[in-house]
Enquirer: 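First the structure, then my questions, so here it is.
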Amino acid sequence: RTCVERQGLCTPRGAQPPTAARKLRGRPAMSPPTARRRSLAPAGALRCLASAVLAGSALGQIRLQSPESLVQKFSETQGRIEGSTATFGAPFYGQRYLGQLVYAETKGKNHCESDDYELPEDSSKGTVQDSEAREVKLLKIVLVKRGLCSFVKKVNVAQEKGAHAVVIVDKPDSNNTRHDIRRIIVADDGNGSSVDIPSILVSREDGAPLIDAARETPAGKGQVIVELAWDVPTDHVVMVDMWMSSGAQGSLMFLREWAPMRRALNDALKFKPHYYVFGMQESSEFAHLCSDRSAKFCTEDPDGPGPITGAMVLEEDVRQLCIHEHYKVARSDSTLVGMSAGAVEWAQQYWDYVEALLDTCPLDGQDPARRFGRECSEGLMRQKGIDVAWVQECVRTTADAKLTNERENTAWSPRALRINGWRYSGQLDAETVTRAICAGFIHQPKACEKLTEPVMPVLQNIVQPAGGVGLGSFVMSLLVVACFALAALMFYKRSLTRHIHSALREEVMLEVQQQMDSYKMLS
């Protein structure tokens, strides 16, 4: 229940239930997740728990701006509220945005249906001055209550109503404290791919005052203004850990799309791949998931009843670990070496290989030479200049050690990303991940300016100068007008002086001429 409302699985974004569960529906046998939990030793369970708790959570930060009465209620936290960021949607990594909190009373469906509530029509027309004294439009940040349906459903409904972000308030009868909320995974229910906006789960004690304030200050009678931010721990070198499966199409698609961005950051980034491995009790029923009948090393079967098995995926996991281990090199020419605990490393052949794997060796290939597996993999390695014999020997001699290490160092999800020891949340797409990584640098590399757009697409029509003129613009306009007026006055003065001098000369010459004419007449 800490993962998905009224559902028992923490499912990664867009993923289906575990393959074995799909294959064994209708059988009385135990599913692999259950088998895994039964076979975990206490030490392994503690390591799993520690890896999830010690990694910093992807906390969304809400900084209260107004009204002052609401800010004072959070004086102990300096007006700041932290919540757990959803694993779906696109948080504003590296950016800060001002928004207006909006709340609408539910008609009984707890914000789960489109006809359950109506937002004020003008709730997103407010403006406020930003740090540069410009008038900017406010985001519409919708408050909803937790319960009755999944997190994704609530956020999707709010998005359809024009929300740019959603704050989910924990249930009224919940005992979760502020600290507890940080450990809750706001997981995808399998439909999160349709969500483009960020969402945050906050505790009841933090969310109740926000709802009360939004009720008391409806549109036109005041605004509850907050700032949204997602801060990533910073360092000179950003360390990225990624947990994945070499047989998962989603993982392969991400690696293919992110590879060009990874290359652009190869002087300032250290990447470490991890692979999803688990163990079960010895059983022949799940042999298709494991390397052998001992079931010490198992993983997902990516194609159900198809020809690809868990053993083939485990072998590919080890191949990729060997390739990365053999070809990673320290970037000795980097000016960042020695400034951070994590040295800058780059494995060009690894990225060339994983970038091409999905297209060269697809899961549904008809010919074994063009389908996921050893034969296709070795052909691709030869194309990319990888020493096939060395990789084969590495797999033969180190497979058990590598798989044991992967099994004992799991993350909070089979698909997970950690940046500088901090748990990433949001869509696993190249643009959003790169934005989060660039936010993790003390001094951003120049490549970050080219890799990320200054404004996220969902906000391009919202966070921009409004129709009014800000104080800074007004003062600047006055200065410009004053300068033009002063220049015009100086020019006019010079022109007038010249005109007067010219007129005086003409008068003098005329007077002299008249006097000369009079003298001639007398003579």
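Just so you know, residue 1 is the first one in the sequence shown, and it goes up from there. Bear in mind the structure is a predicted one, so any value in this text is a computation, not a measurement.
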Enquirer: Take N176 and D170 through the test side-chain hydrogen bond (donor to acceptor under 3.5 Å, both in side chains) and record every step on the way to the result.
Expert: CA-CA 8 Å; N176 290 323; D170 203 6; 3.1 Å; yes

Enquirer: Going by the angle between their ring planes, with limits at 30° and 60°, are W351 and W346 parallel, tilted or perpendicular?
Expert: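 The rings of W351 and W346 lie parallel, inter-plane angle below 30°.
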
Enquirer: Going by heavy atoms in the side chains, are F372 and D303 under 4.5 Å from each other?
Expert: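 Not in contact.
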
Enquirer: Can you tell me how the ring of H324 sits relative to the ring of Y350, calling it parallel under 30°, perpendicular over 60° and tilted otherwise?
Expert: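 Ring orientation, 0 to 90° scale: perpendicular.
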
Enquirer: To the nearest 0.5 Å, tell me how far K145 NZ sits from K171 NZ.
Expert: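 Atom-to-atom, K145:NZ and K171:NZ are 13.0 Å apart.
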
Enquirer: Using every non-hydrogen atom in the two residues, find where T87 and D188 come nearest and quote the distance to one decimal.
Expert: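 Taking every non-hydrogen atom into account, OG1-N, 3.3 Å.
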
Enquirer: Please test L98 against V226 for side-chain contact (heavy atoms from CB on, under 4.5 Å), starting from the C-alpha separation and ending with a verdict.
Expert: CA-CA 6 Å; L98 295 172; V226 301; over 6 Å; no

Enquirer: For N175, does the CG atom sit with more than 12 other heavy atoms under 6.0 Å from it, leaving out its own atoms?
Expert: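 It does not: N175 CG has 12 such atoms or fewer within range.
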
Enquirer: Among all residues two or more places apart in sequence or in another chain, which pass the side chain to side chain donor-acceptor pair (under 3.5 Å) test with T106?
Expert: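 Scan of T106 (side chain to side chain donor-acceptor pair (under 3.5 Å), adjacent residues dropped) gives D116.
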
Enquirer: Do you know which two heavy atoms are closest between D196 and A90, and how far apart they sit?
Expert: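 Looking at all heavy atoms of both residues, the closest pair is O-CB, 3.7 Å.
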
Enquirer: With a 4.5 Å limit on heavy-atom distance, are the side chains of K270 and V344 in contact?
Expert: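 K270 does not reach V344 side chain to side chain.
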
Enquirer: For A229, does its backbone N or O pair with a side-chain atom of Q61 as donor and acceptor, under 3.5 Å?
Expert: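 Here the side-chain-to-backbone pair does not exist.
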
Enquirer: Could you check whether D317 and S246, counting side-chain N and O atoms only, form a donor-acceptor pair closer than 3.5 Å?
Expert: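 Checked: S246/D317 side chains pair up, N/O donor to acceptor below 3.5 Å.
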
Enquirer: Identify, with sequence neighbours excluded, every residue that meets side chain to side chain donor-acceptor pair (under 3.5 Å) alongside D364.
Expert: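 D364: no side chain to side chain donor-acceptor pair (under 3.5 Å) contacts found.
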
Enquirer: Evaluate the side-chain contact (heavy atoms from CB on, under 4.5 Å) criterion for residues T85 and W230: first the C-alpha distance (whole Å), next the side-chain angles of each, then the deciding distance (0.1 Å), finally the verdict.
Expert: CA-CA 9 Å; T85 302; W230 281 264; 2.7 Å; yes

Enquirer: Give, for atom SG of C112 and atom CG of N156, the distance between the pair rounded to the nearest 0.5 Å.
Expert: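 So the gap between those two atoms works out to 12.0 Å.
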
Enquirer: Could you tell me whether the side chain of P67 reaches within less than 4.5 Å of the side chain of V224, counting heavy atoms only?
Expert: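 They are in contact (side-chain heavy atoms under 4.5 Å apart), so the answer is yes.
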
Enquirer: State, yes or no, whether a side-chain contact exists between L357 and L255 at a heavy-atom distance under 4.5 Å.
Expert: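 The answer is no, as the side chains (C-beta and beyond) never meet within the 4.5 Å cut-off.
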
Enquirer: Side chain of N420, backbone of P233: donor and acceptor closer than 3.5 Å?
Expert: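 Pair found, side chain donor or acceptor close to backbone of P233.
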
Enquirer: How close do T432 and Y424 get, heavy atom to heavy atom, and via which atoms?
Expert: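 Nearest heavy atoms, T432 then Y424: CG2-OH, 3.2 Å.
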
Enquirer: ring-ring contact (aromatic ring centres under 6.0 Å, His included) with F297: which residues, sequence neighbours excluded?
Expert: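 For F297 there are no ring-ring contact (aromatic ring centres under 6.0 Å, His included) partners, ignoring immediate neighbours.
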
Enquirer: Minimum heavy-atom separation for H274 to E406, with atom names?
Expert: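 Looks like CA-OE1, 3.2 Å.
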
Enquirer: When you check the gap from the basic side-chain N to the acidic O, do E431 and R435 get nearer than 4.0 Å?
Expert: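 Salt bridge flag = yes for R435 with E431.
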
Enquirer: Keeping the roles fixed (side chain from K154, backbone from C149), state whether a donor-acceptor pair exists under 3.5 Å.
Expert: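 Here the side-chain-to-backbone pair does not exist.
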
Enquirer: If you round to the nearest 0.5 Å, how far is CD of E105 from NE2 of H111?
Expert: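 It comes to 7.0 Å.
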
Enquirer: Ignoring hydrogens and geometry, is there a side-chain-to-backbone donor-acceptor pair from W243 to R418 under 3.5 Å?
Expert: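 No; judged by distance alone, with no hydrogens or angles, the pair does not exist.
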
Enquirer: Just wondering, do K296 and R407 contact through their side chains at under 4.5 Å, heavy atoms?
Expert: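 Yes, side chains in contact.
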
Enquirer: How about Q249: does its CD atom have over 12 heavy atoms from other parts shown lying under 6.0 Å from it?
Expert: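 Counting other residues, nucleotides and ligands, CD of Q249 stays at 12 neighbours or fewer.
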
Enquirer: Could you walk me through whether V232 and C438 pass side-chain contact (heavy atoms from CB on, under 4.5 Å), step by step?
Expert: CA-CA 9 Å; V232 181; C438 286; over 6 Å; no

Enquirer: Give me the one residue out of V167, I211, L210 that meets side-chain contact (heavy atoms from CB on, under 4.5 Å) with Y103.
Expert: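 For Y103, the side-chain contact (heavy atoms from CB on, under 4.5 Å) test succeeds with only one of V167, I211, L210, which is I211.
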
Enquirer: Name all residues meeting the side chain to side chain donor-acceptor pair (under 3.5 Å) criterion together with W258; count only those two or more places apart in sequence or in a different chain, and write none if there are none.
Expert: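 So W258 forms a side chain to side chain donor-acceptor pair (under 3.5 Å) with T434.
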
Enquirer: Identify the heavy atoms of D173 and R204 that sit nearest to each other, and give their distance.
Expert: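 Heavy atoms of D173 and R204 come nearest at N-CD, 4.5 Å.
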
Enquirer: Does any N or O in the side chain of H288 come within less than 3.5 Å of the main-chain N or O of T309, such that one atom is a donor and the other an acceptor?
Expert: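 A pair under 3.5 Å: no.
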
Enquirer: So do the side chains of R415 and F254 get within less than 4.5 Å of each other, counting heavy atoms only?
Expert: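 They are not in contact (no side-chain heavy atoms under 4.5 Å apart), so the answer is no.
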
Enquirer: Between E355 and R263, does any side-chain N to carboxylate O distance fall below 4.0 Å?
Expert: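 Salt bridge between E355 and R263, a charged N being under 4.0 Å from a carboxylate O: yes.
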
Enquirer: Is M312 close to E316 at the side-chain level, that is, under 4.5 Å between some pair of heavy atoms?
Expert: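 They are not in side-chain contact.
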
Enquirer: Atom CD1 of I442 and atom CG of D235: how far apart are they, to the nearest 0.5 Å?
Expert: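 Reported value, rounded in 0.5 Å steps: 5.5 Å.
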
Enquirer: Tell me every residue that passes side-chain contact (heavy atoms from CB on, under 4.5 Å) with V71, counting only those two or more places apart in sequence or in another chain.
Expert: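 With sequence neighbours excluded, V71 shows a side-chain contact (heavy atoms from CB on, under 4.5 Å) to L64, E68, given in chain and number order.
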
Enquirer: Determine the minimum heavy-atom distance between A104 and L119, stating which atoms define it.
Expert: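 Closest heavy-atom pair between A104 and L119: CB-CD2, 4.0 Å.
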
Enquirer: Taking the side chain from S245 and the backbone from Y276, do they hold a donor-acceptor pair closer than 3.5 Å?
Expert: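 Side chain of S245 to backbone of Y276: no pair is present.
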
Enquirer: Using only atom types and a distance under 3.5 Å, with no angle test, would you say the side chain of T77 pairs donor to acceptor with the backbone of R80?
Expert: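 A pair under 3.5 Å: yes.
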
Enquirer: Take L428 and V433 through the test side-chain contact (heavy atoms from CB on, under 4.5 Å) and record every step on the way to the result.
Expert: CA-CA 7 Å; L428 196 62; V433 168; 4.0 Å; yes

Enquirer: Near K107 NZ, under 6.0 Å, is it more than 12 heavy atoms from other residues, nucleotides or ligands?
Expert: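 Counting neighbours around NZ of K107, more than 12 heavy atoms of other residues, nucleotides or ligands fall under 6.0 Å, so yes.
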
Enquirer: Quick one: does V313's side chain get under 4.5 Å of P302's, heavy atoms only?
Expert: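 Result yes, sub-4.5 Å side-chain heavy-atom pair found.
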
Enquirer: About how many Å separate CD1 of I200 and CD1 of I181, when rounded to the nearest 0.5 Å?
Expert: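 Going from the CD1 atom of I181 to the CD1 atom of I200 covers 12.0 Å.
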
Enquirer: First locate atom OG of S199, then atom CZ of F151, and finally report the distance between them rounded to the nearest 0.5 Å.
Expert: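 Reported value, rounded in 0.5 Å steps: 9.0 Å.
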
Enquirer: My understanding is that only residues two or more places apart in sequence, or in another chain, count here; which of them pass side chain to side chain donor-acceptor pair (under 3.5 Å) with D206?
Expert: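 So D206 forms a side chain to side chain donor-acceptor pair (under 3.5 Å) with R178, S203.
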
